[in-house]
Structures are given as C-alpha cells and as structure tokens.
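Heads up: the structure comes next, in structure tokens.
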Amino acid sequence: MSYSNSAQQALKEMPAPETAAAGSKAMSVKFDIQPTATPTSEKDRAAKLVDPGFGRVFTDHMSIVRYNQAKGWHGARVESRANFPLDPAAAVLHYAQEIFEGLKAYKRDDGGVNLFRPDANAKRFHNSADRMAMAPIPEAVFIEAVDQLVRIDRAWIPGGEGSLYLRPFMVASEIFLGVKPSAEYIFAVIASPVGSYFKGGPAPVSIWVSENYTRAAIGGTGAVKCGGNYAASLRAQAEAIDHGCDQVVFLDAVERRYIEELGGMNVFFVFDDGSLSTPPLGTILPGITRDSIIALAKDSGMRVREEPYTIEQWRSDAASGKLKEAFACGTAAVISPIGKVCSASGDFLISGGAAGAVAMGMRKKLVDIQYGRAPDPHNWIKKVF
Ligand SMILES: *Cc1c(COP(=O)(O)O)cnc(C)c1O
C-alpha cells in the first residue's frame with residue numbers, strides 16, 4: 001500500500017496556500033480558528049503558571065486536522081481543548097498506531113516568541129508516519145498547526161526559563177479490528193506550559209544500565225517517535241527507579257554492550273582530549289537536540305564522533321580519567337549531566353558526580369539560541385511573533 005499517493009491527495013485537499021502575513025513563511029495553510037467560549041481567567045492562568053511542572057497544565061486550545069481516504073487531510077481547526085470521541089474499536093486502542101513529537105515555544109526578552117527547528121520536527125514526524133504505515137501529514141500543515149496554537153495561546157508561555165511545550169501527535173481512528181494500516185487518522189497539537197526543568201541549574205542524574213530489557217532492534221521502530229517505544233521502556237525505567245536511579249540507559253539488542261540511549265534522551269561522552277562522541281543513528285531516536293549539539297560542537301572546533309561505545313569501555317574510561325563527562329539531551333530537559341552510572345555489576349561516578357563544564361557550556365549555548373539571546377548561525381529559529 002502506497003502512502004505517497006495519499007500525501008499528494010492530502011496536499012490537493014488542503015485549501016490553497018495563502019499569501020502569508022509579513023514576516024512569516026510564504027507556505028501556509030488555512031486553519032479555521034474558533035476561540036474557546038470559556039477561556040481561563042487571567043487570575044487562574046497566573047496561578048497555574050507559578051509552578052507548572054511538566055505536562056500537567058494545559059492551554060485553552062488545540063489544533064486538529066483529520067484524515068480519511070476520501071477527503072485526505074481536511075477540517076484543519078484550532079478550537080477549544082476538549083475530549084474527542086474515539087470509538088472503542090478505534091485502531092489506535094488495539095494496535096498502537098500512534099506517533100508524536102515534542103518541541104517548545106520560547107519567550108524572547110523583547111516579548112516575541114521563538115520556535116526551535118519546527119521544520120525538523122515536521123520532517124521527523126513524516127518519517128515516523130512512514131515507518132508506522134500512517135498517512136503522512138504535509139510538513140507545512142504540521143508547522144501551521146503548531147504556529148496557530150502558539151498564536152492563540154500566547155498568554156500561556158511562561159517567562160524566564162520556562163517555555164510552552166508543544167505536543168503534536170497522530171492516532172489511528174478507523175473503527176476496525178482487522179490488523180492493517182488505519183484508513184483514518186486524527187492529528188492534533190496540544191500545549192503545556194512548563195517551568196524551568198531544573199530550578200537552580202540541572203542537577204546531575206544517575207542512570208541505570210538495563211541488562212534485562214532492550215529498547216530497539218535493527219529493523220524495528222527505535223528511530224521513530226511512537227508511543228509504543230515508550231510503553232516498552234516503562235518496565236526498564238521502573239527497574240531504574242527501584243535501584244535508586246533517575247533514568248534508564250539501554251544497550252543494543254544484539255551484543256548487549258553498546259550504549260544506545262535513555263528512555264527519551266540521547267547521550268554524549270566527553271573525553272580528555274576535548275572530543276565528543278555519541279552513539280550512531282540507526283536504532284536510536286534521531287534527536288534534534290543531539291543534531292544541534294553536534295553542529296554547535298563542530299562550530300567551536302571540537303571533534304565529534306558518531307560511533308559505538310560499550311558499557312565496559314565507559315566504565316574503564318571513567319576509571320582511567322579518559323572520560324571527563326557524560327550527558328543526556330532532549331527537548332524537555334535540554335542537557336542533563338550524568339553523574340553516576342549504576343548496573344548489576346557495580347556503580348561508577350562521572351566527573352566525581354558533578355555537572356561537567358562541557359555539558360553546562362553546551363547547554364547555555366543552545367538555550368541562548370532558543371531564547372534569542374545569541375546569534376542563530378544555522379537558521380534554527382522560527383519567529384512566531
Ligand atoms: C524525543 C526523543 C529524544 C530526544 O529528541 P529531541 O528531538 O532532542 O527532543 C531522544 N530519545 C527518544 C527515545 C525520544 O523519544
């Protein structure tokens with residue numbers, strides 16, 4: 001079954017691109033904007049924004065676009081955030097055809113709002129849809145859905161080091177228990193204000209090396225952002241917590257020695273010669289933070305290797321002092337220094353358990369670009385306002 005036909009169909013079905021307002025991208029799509037009749041009061045919103053934590057507070061609206069084979073992508077709307085009906089036989093509830101993305105809107109000091117590399121999220125979402133045999137949403141529609149939601153819920157973007165976390169996702173909604181790619185999908189974007197992930201700077205995390213469970217195998221879905229990967233990682237994450245660790249790190253599924261990634265973050269190693277290394281793409285999720293760190297490191301003249309690295313080597317390099325730092329990275333937490341590695345065969349510390357200077361420097365570089373405090377040499381920022 002070919003989905004490229006449905007993508008072309010989708011583009012045909014979307015209303016013709018508008019000539020966009022000054023300052024925004026030329027390619028845009030018409031969303032029907034229906035502001036909520038019951039907006040949160042300013043007072044209630046202010047109370048919710050005091051300490052929003054992560055992923056529990058939501059804005060007033062959502063973007064939604066539907067797909068079926070007859071109409072392609074249609075009915076693009078921004079509307080009041082609400083339950084949407086799903087039949088008990090909807091395919092996603094049985095066979096987990098579901099993908100998602102995560103990106104953030106940042107408030108600049110001048111009051112404007114930045115998105116960071118939304119085109120990269122749109123592209124990855126397209127790849128995820130391909131792998132999960134789902135109808136890919138045109139990348140311009142994905143970006144417009146995010147952009148319009150940020151516009152209407154602008155008042156929900158926290159100031160300071162907070163941000164508005166955006167969660168685009170797509171579920172298979174066809175009512176059918178047969179095992180096949182769904183013929184219908186719901187794409188939506190919801191938004192959640194988040195505080196600074198770490199108050200007073202990121203505390204080093206401890207990680208548990210999972211020897212009983214793997215995350216991804218060659219030919220599997222490790223490289224796509226699907227909910228199923230997370231479902232399969234939760235038992236290992238629970239094991240990490242049971243051992244007093246913050247996060248789990250997975251090894252490769254073949255030799256069970258090569259470091260892959262955490263449940264939801266990529267990983268970097270910093271060596272005494274100033275070079276960086278990170279596991280190669282393939283079975284890991286191609287993180288946009290990972291890609292950005294590689295680019296920024298190369299800009300500053302650091303050598304970066306994308307190469308396999310074993311847990312034994314990690315342990316011995318930490319002991320010999322050849323390994324100076326390790327850190328995890330992803331959109332939600334940006335960069336988390338790794339202070340301690342625990343496993344069934346013993347624990348070891350990294351940089352004495354403290355946050356390393358390279359990790360913290362890289363974090364500042366990235367965050368300064370995201371908030372518009374530093375130049376943006378790679379054109380990563382899309383200004384919403
Ligand atoms: C989303 C995700 C990451 C990080 O990707 P970013 O684009 O940097 O946010 C890393 N690993 C997994 C498994 C993920 O789902």
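Counting starts at 1 for both ligands and their atoms, in listed order. As the structure is a prediction and not an experimental result, all values here were calculated from the model.
Here's the thing with E261: one of its N/O atoms is less than 3.5 angstrom from an N/O atom of ligand 1. For ligand 1, the polar-atom distance check against R290 finds no nitrogen or oxygen pair separated by under 3.5 Å.
Every atom of ligand 1 with a heavy atom of G263 under 4.0 Å away is listed here by number and element: 13 (C). Close contacts of ligand 1 with R215, meaning ligand atoms under 4.0 Å from a residue heavy atom, involve 13 (C).
A donor-acceptor pair shorter than 3.5 Å can be found between the side chains of Y185 and Q97. No donor-acceptor contact under 3.5 angstrom links the side chains of R256 and T214, judged on distance only. T36 and E79 form no side-chain donor-acceptor contact under 3.5 Å, judged by distance and modelled atom types alone.
The part of M265 lying near ligand 1 is the backbone, judged by heavy-atom distances below 4.0 Å. Counting heavy atoms closer than 4.0 Å to ligand 1, residue I288 contributes atoms from both its backbone and its side chain.
Partners of N68 according to the side chain to side chain contact (heavy atoms under 4.5 Å, CB included) rule, which considers only residues two or more places apart in sequence or in another chain, are A70, K71, H74, E184.
Of the charged side-chain nitrogens involved, at least one lies within less than 4.0 Å of a carboxylate oxygen, so that R215 and E261 count as a salt-bridged pair.
For R124, the closest heavy-atom approach to ligand 1 falls below 4.0 Å.
With atom 10 (C) of ligand 1 as the reference point, the heavy atom nearest to it among G330, G222, G287, G264 is part of G264.
Residue-environment remark: CD (E42) stays at or below the threshold of 12 foreign heavy atoms within 6.0 Å.
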